2 protein chains.
Amino acid sequence: MARTQGSHSDITGPRIMDAALRLFAQNGYAAVSMRQIAGAVGVQAGALYNYIPDKQTLLLTLMQRHMDDLLSAVADHPRPEGAMNRLEAFTRFHIRFHSERPDEVFIAYMELRNLNPENFATIEGLRGRYENMLEEILRQGVEEGVFAVPDPKIATLAVIAMLTGVNTWYRSGGRLSLPEVEEIYWDMVRKSVAA
Amino acid sequence: MARTQGSHSDITGPRIMDAALRLFAQNGYAAVSMRQIAGAVGVQAGALYNYIPDKQTLLLTLMQRHMDDLLSAVADHPRPEGAMNRLEAFTRFHIRFHSERPDEVFIAYMELRNLNPENFATIEGLRGRYENMLEEILRQGVEEGVFAVPDPKIATLAVIAMLTGVNTWYRSGGRLSLPEVEEIYWDMVRKSVAA
DNA sequence: GTCTATAGCGTGATAGAC
DNA sequence: GTCTATCACGCTATAGAC
């Protein structure tokens with residue numbers, strides 16, 4: 001341990017991202033110093049700048065990676081027939097995906113204020129694309145006559161807020177298993193938009 | 001303008017609280033300096049300490065005041081007969097109360113990390129009392145047979161997450177009026193827990 | 001009650017040795 | 001690629017004049 005010189009370590013880059021992710025989620029972007037991140041990785045603060053241009057870009061990269069992962073995963077997810085089946089697939093996907101990445105989700109919601117305007121617009125654009133997928137499902141269900149929502153845009157935000165709320169209390173190994181959580185929330189989502 | 005000496009201003013205390021509230025909500029507790037707060041009030045940073053012992057207590061006071069207001073308001077609210085009517089009253093109350101205080105709500109949710117452990121426990125205790133009111137309504141509805149929720153505790157958190165989500169998009173003067181918003185959300189809440 | 005000044009420390013980022 | 005050292009500045013909080 002306690003290396004003092006030389007490039008004895010590869011994969012420092014990913015370790016920086018991991019440490020920043022964890023520390024930002026725990027203490028908040030503004031409250032975490034570059035020295036803290038460096039300490040968690042086991043290097044001096046100056047060494048971080050071999051991998052990232054600055055702190056702001058580090059935050060943006062973490063958020064962007066999360067949103068890209070989300071959009072890739074939802075695109076890869078099977079897309080069943082019928083709005084009801086699609087809504088169920090979306091609900092279960094959302095809960096599972098988000099419960100597996102509590103730190104990323106926390107940062108993506110809580111640290112938007114700390115993005116500069118350009119970076120904020122980037123992330124909000126990605127989030128909008130995800131929300132539009134649910135909105136499309138709801139509109140399809142209204143057309144099919146299986147859903148009754150007076151305002152699909154608002155219903156989208158309501159459902160996503162409810163589902164993302166799982167992350168505020170769910171802990172792996174707690175009272176409820178993830179399949180049980182999925183079941184409870186799917187029951188509520190289904191009924192909330194039902195015709 | 002530009003006073004330089006003397007106690008030419010009363011009500012500096014409340015103005016400090018207002019400025020801190022607005023700045024914390026906009027930029028985050030950790031990102032806001034005492035100098036910024038003082039500047040918004042129109043005094044020097046040192047003068048703040050005539051009114052508050054330190055920055056941490058300032059944050060706690062803002063949160064505590066919000067939670068006390070919330071609990072007082074919900075206690076004063078009419079309590080109709082029957083779980084269905086009580087749930088409707090709670091839903092409309094929650095939306096209205098929270099939409100009127102976007103900054104307080106934002107801080108109360110986002111800045112929990114920046115409370116020290118003792119202060120965190122205080123605020124979480126107050127929040128728990130509020131959540132318990134909704135949980136009681138849901139349990140009553142299950143007994144009455146008007147609601148079907150497999151887990152009242154989780155359903156409570158799901159409903160509150162959905163309702164508090166209004167604050168992320170609702171703006172006074174926007175596309176939807178507050179009564180319209182209430183109507184849309186009450187429709188979804190009612191159905192989500194329906195038997 | 002507010003001011004100025006400052007103590008004591010931490011910040012993000014950079015330069016140059018190795 | 002990491003180190004040490006440092007720049008230039010900002011931070012919270014306090015002391016003492018007025």
Side-chain angles (χ1 to χ4, degrees), chain A residues 1-24 26-63 107 111 113-116 118-119, chain B residues 1-24 26-63 107 111 113-116 118-119:
Chain A
M1 51 200 320
R3 291 171 299 95
T4 52
Q5 284 277 331
S7 58
H8 298 241
S9 172
D10 44 358
I11 65 163
T12 299
R15 294 188 63 217
I16 290 172
M17 303 308 286
D18 288 354
L21 178 72
R22 187 173 46 77
L23 287 167
F24 288 168
Q26 197 152 78
N27 306 111
Y29 171 79
V32 173
S33 71
M34 298 303 275
R35 284 171 177 79
Q36 271 181 276
I37 298 171
V41 173
V43 298
Q44 293 300 314
L48 299 180
Y49 294 89
N50 292 316
Y51 299 92
I52 53 151
D54 51 39
K55 195 185 178 189
Q56 168 75 200
T57 306
L58 175 52
L59 176 60
L60 172 66
T61 305
L62 288 173
M63 286 188 172
I107 289 174
E111 303 296 356
R113 287 178 302 189
N114 292 305
L115 291 175
N116 66 37
E118 183 191 329
N119 293 343
Chain B
M1 54 196 317
R3 293 171 298 96
T4 52
Q5 283 278 331
S7 56
H8 298 239
S9 172
D10 44 358
I11 64 160
T12 299
R15 296 189 63 218
I16 291 171
M17 302 309 285
D18 287 354
L21 179 71
R22 188 174 47 77
L23 287 167
F24 287 168
Q26 197 152 77
N27 306 112
Y29 171 79
V32 173
S33 72
M34 298 303 274
R35 284 176 178 79
Q36 274 180 273
I37 297 169
V41 174
V43 297
Q44 293 300 312
L48 299 179
Y49 294 89
N50 291 317
Y51 300 92
I52 54 150
D54 52 40
K55 195 185 178 189
Q56 168 74 202
T57 306
L58 175 52
L59 176 60
L60 172 66
T61 304
L62 288 172
M63 287 189 171
I107 289 174
E111 302 297 356
R113 286 179 302 189
N114 292 305
L115 291 173
N116 67 37
E118 182 190 332
N119 293 344

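Being a predicted model, the structure only gives us computed values, none of them experimental. In what follows, every chain begins at residue 1, and chains take the letters A, B, ... in the order their sequences are listed.
Listed nucleotides C:dG12, D:dG1, D:dA13 differ in distance to A:Tyr49; the shortest reach to its side chain belongs to C:dG12. Checked against C:dC3, D:dT2, C:dA13, the side chain of A:Lys55 finds its nearest nucleotide in C:dA13.
For the OP1/OP2 pair of D:dT2 and a distance below 4.0 Å, the side-chain nitrogens and oxygens of A:Tyr51 include at least one atom meeting the criterion. Listed pair B:Gln44 / C:dT2 fails the phosphate criterion, with no side-chain N or O lying under 4.0 Å from OP1 or OP2. The phosphate of D:dG1 has neither OP1 nor OP2 within less than 4.0 Å of any side-chain N or O from A:Thr12. OP1 or OP2 of C:dT11 has at least one side-chain nitrogen or oxygen of A:Ser33 nearer than 4.0 Å.
If you take CG of B:Asn114 and C1' of D:dT12, they are 15 Å apart, rounded to a whole angstrom. Whole-Å rounding puts the B:Leu48 CG to C:dT4 C1' distance at 15 Å. Between B:Ile37 atom CD1 and D:dT12 atom P the separation is 8 Å, expressed in whole Å. One atom, CE of B:Met34, and another, P of D:dA13, lie 6 Å apart when rounded to the nearest Å. At whole-Å resolution of the value, CG in B:Asp54 and C1' in D:dT12 are 9 Å apart. Distance OH (B:Tyr29) to P (D:dC11): 14 Å, rounded to an integer number of Å. Rounding to whole angstrom units, CG of residue A:Asn50 and P of D:dC3 are separated by 10 Å.
At a cut-off of 3.5 angstrom, the base of C:dG12 holds at least one donor-acceptor pair with the side chain of A:Arg35.
Using a 4.5 Å cut-off on side-chain heavy atoms (C-beta onward), A:Arg113 and A:Tyr29 make no contact. A:Asp18 has its side chain out of reach of A:Val41: every pair of non-hydrogen atoms, C-beta onward, lies at least 4.5 Å apart.
Distance alone, capped at 3.5 Å, places no donor-acceptor pair between the A:Glu111 side chain and the A:Leu60 backbone. With hydrogens and angles ignored, the 3.5 Å screen pairs a side-chain donor or acceptor of A:Gln56 with a backbone N or O of A:Asn114. B:Gln36 places a side-chain N or O within donor-acceptor distance of the main-chain N or O of B:Ser33, the cut-off being under 3.5 Å.
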